Amino acid sequence: MRVYQATELAGRIFGSRSGHNTRSFERRHDLLLSDVFVLYRLQLPKLADCWVGEDALPMAERGVKNPDAFLLDDGYRPRRVIESAGSYSQKQVDTFHEYCRQRRLPYELW
């Protein structure tokens, strides 16, 4: 599969950290989230319009990982969060679940 990566300048223009060499697990992670986004675009287009990637929002508090994507409502409040958790340990899943439960955030793990 041929994959194209944005330059550092393109990343800065669009608010991402593109332009650096990625490791294989980062590429797999990004391709999975791309698949999820395309699935939303095809099957739930109104929700796909609400999709905001983690790099477009401020970082969560120290020690908390931002979800990979947020589906925001018209008031920019999270309706749902999306997380790629394929390589998560049980503890990481539990921690993410607890974070979302405390904030009353519906979530999907992929």
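Everything quoted here is computed from the prediction, not taken from an experiment.
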What's the spacing between [X] [atom1] and [Y] [atom2] if we round to 0.5 Å?
X	Y	atom1	atom2	result
F37	L47	CZ	CG	11.0 Å
L33	E83	CG	CD	8.0 Å
R79	L71	CZ	CG	7.5 Å
L109	C100	CG	SG	8.0 Å
R28	S84	CZ	OG	10.0 Å
C50	R80	SG	CZ	9.5 Å

Exercise. Just by modelled atom types, is the T95 backbone N or O under 3.5 Å from a matching donor or acceptor in the E98 side chain?
Worked result: no
Spell out, as yes or no, whether a donor-acceptor pair under 3.5 Å connects the side chain of R103 to the backbone of Y99. yes
Joint hydrophobic cluster, [X] plus [Y], side-chain heavy atoms closer than 4.5 Å:
X	Y	answer
Y76	V52	yes
V36	Y107	no
V38	L32	no
L72	W51	no
W110	V93	no

inquiry  = Could you go through D68 and H29, starting from their C-alpha distance and side-chain angles, then the distance that decides it, and tell me whether this counts as side-chain contact (heavy atoms from CB on, under 4.5 Å)?
reply    = CA-CA 10 Å; D68 292 313; H29 173 270; 3.0 Å; yes
key: Derivation and outcome, side-chain contact (heavy atoms from CB on, under 4.5 Å), residues F70 and I82   = CA-CA 6 Å; F70 297 78; I82 310 290; over 6 Å; no
Does a sphere of radius 6.0 Å around CG in D74 hold more than 12 heavy atoms from other residues, nucleotides or ligands, not counting ones at 6.0 Å or beyond? no
Q) Do the side chains of Y40 and P45 get nearer than 4.5 Å, heavy atoms only? A) no
F96 and V81, any side-chain heavy atoms less than 4.5 Å apart | yes
So the salt bridge (charged side-chain N to carboxylate O under 4.0 Å, His left out) pairs with at least one residue in residues 31-48 (sequence neighbours excluded) are R41-D49
